[in-house]
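The next block holds one structure in the form of structure tokens; read it before the comments.
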Amino acid sequence: MRPTVMRITRSATRVLASAAVLTAALSLTACQNDTKDTGSQAPAASTQPSAGGQDGAAGPGKDGGAKESDTHAQGARATNASASGASGTSGSKSTGRSGTQQHGSGGGADSGPVTTACTGANVKVTVTKVDRPINHLLLTATNTGSKPCNAYSAPYLRWDEGQAATTILEESKPQAVRTLKPGESAYAGIMTESADGSGNSGYTAHKLAVFFADRAGQGSTGPAANPTLPKGGIYTDSSAWVTYWQTTAADALTW
């Protein structure tokens, strides 16, 4: 009977040992499963920053990181704004200096309105016979002085020793007075006689005196100019007229 009891005891011992091993294995497996489940859920929670932001339950680490990012972003925007502002300020100052210099330069060059009248003392006058229009002369007055002068109104012409001035063609009056800087010229056209022969008291003139109008246009001022007439003289009569001073020769010969 004793051998039988010993075999039963050994079998029971093996069964209990196997059960203990199985229980331990099951416990280990359960622990591993719990660990896996917990590890898969943590990242999912961290991908919901809006929940922490809305209910204020976010941890210090997350909140501090967000604030730091905001601080860096604000700093970058402030730096860019400062750089842009500095560039704009620099451009504005540069433009201001340039404008001031130009204005100063212009102010220095502009000594005010010209009031000096052109006369025979500061202007040289020449007479040129032209082919077109017929019976016309071109009068050119060039400033030979060192300062600007105004060629007011129209030239007063006196042929030879005549007492009456040549008629001024009113329709040739320009919109502005012709101002001559040193070296510049003004022009006037002279019709010596009408092409239809309507003039009278004609004669051949060998001298011409050119007087300059004053600012008021009520008379002459300064000495006259005495240009040389074409060889043989110029035939003229009562139909002759002269234009106002013009800017170009073409304008002067329009009529």
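All of these numbers come straight from a predicted model, not from anything done at the bench. We count residues from 1, following the sequence as given.
The cluster map of Ile, Leu, Val, Met, Phe, Trp and Tyr, joined by side-chain heavy atoms under 4.5 Å apart, puts Val123 and Val242 in the same cluster. Residues Leu229 and Val125 are members of one and the same hydrophobic cluster, defined by side-chain heavy-atom contacts under 4.5 angstrom among Ile, Leu, Val, Met, Phe, Trp and Tyr. Both Tyr156 and Trp159 belong to a common hydrophobic cluster when Ile, Leu, Val, Met, Phe, Trp and Tyr are linked at side-chain heavy-atom distances under 4.5 angstrom.
Of all the heavy atoms in Arg215 and Thr115, the pair that sits closest is NH1-CG2, 3.6 Å. Pairing each heavy atom of Ser172 with each of Leu169, the nearest pair is OG-O, 2.6 Å. The two residues Leu138 and Ala252 have their closest heavy-atom pair at CD1-CB, 4.0 Å. Of all heavy-atom pairs between Asn150 and Val177, the closest is CB-CG1, 3.8 Å. What you find for Thr179 and Val114 is that their closest heavy atoms are CG2-CG2, 4.1 Å.
In terms of modelled atom types and a separation under 3.5 Å, the side chain of Asn143 and the main chain of Gly145 share a donor-acceptor contact. Between the side chain of Asp251 and the main chain of Gln246, no donor-acceptor pair closer than 3.5 Å is present. Thr243 places no side-chain N or O within 3.5 Å of a backbone atom of Ala188 that could act as its donor or acceptor partner. With Thr144 contributing its side chain and Asn122 its backbone, the two residues share a donor-acceptor pair below 3.5 Å. Here the side chain of Ser239 pairs no donor or acceptor atom with the backbone of Glu193 at under 3.5 angstrom.
Under the rule for a side chain to side chain contact (heavy atoms under 4.5 Å, CB included), the partners of Ala154 that lie at least two apart in sequence or sit in another chain are Ile168, Tyr244. For Ala224, the side chain to side chain contact (heavy atoms under 4.5 Å, CB included) criterion is met by Phe211, not counting sequence neighbours. For the side-chain hydrogen bond (donor to acceptor under 3.5 Å, both in side chains) test, no residue two or more places apart in sequence or in another chain qualifies with Gln218.
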* side chain to side chain contact (heavy atoms under 4.5 Å, CB included) between Thr166 and Ile190, intermediate numbers included -> CA-CA 9 Å; Thr166 302; Ile190 302 172; 5.6 Å; no
* Take Tyr187 and Leu253 through the side chain to side chain contact (heavy atoms under 4.5 Å, CB included) test and state the conclusion after the steps. => CA-CA 9 Å; Tyr187 305 88; Leu253 297 175; over 6 Å; no
Enumerate, atom names and distances included, each donor-acceptor pair closer than 3.5 Å involving a side-chain atom of residues 199-210, sequence neighbours excluded.
residue: Asn200; atom: OD1; partner: Ser238; partner atom: OG; Å: 3.1
residue: Lys207; atom: NZ; partner: Glu161; partner atom: OE2; Å: 2.9

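Once rounded to the nearest 0.5 Å, the distance linking CG of Asn135 with CG of Asp237 reads 9.0 Å. A distance of 10.0 Å separates CG in Leu157 from OG1 in Thr167, rounded to the nearest 0.5 Å. Atoms OG1 and OH, from Thr116 and Tyr152 in turn, are 7.5 Å apart once rounded to the nearest 0.5 Å. To the nearest 0.5 Å, atoms NZ (Lys129) and CD1 (Ile234) are separated by 5.0 Å. Separating the NZ atom in Lys124 from the OG1 atom in Thr126 is a distance of 7.5 Å, to the nearest 0.5 Å.
For the side chain to side chain contact (heavy atoms under 4.5 Å, CB included) with Pro227, the qualifying choice from Thr140, Thr128, Val127 is Val127, the only one to do so.
Below 30°, between 30° and 60°, or above 60°: for Phe212 and Trp245 the angle between ring planes is below 30°, a parallel geometry.
Between the side chains of Thr142 and Ser185, at least one donor N or O lies within less than 3.5 Å of an accepting N or O.
The disulfide bond (SG atoms under 2.5 Å apart) analysis of residues 193-255, with sequence neighbours excluded, yields no pairs. Residue pairs meeting the disulfide bond (SG atoms under 2.5 Å apart) criterion with at least one partner in residues 144-186, sequence neighbours excluded, are Cys118-Cys149.
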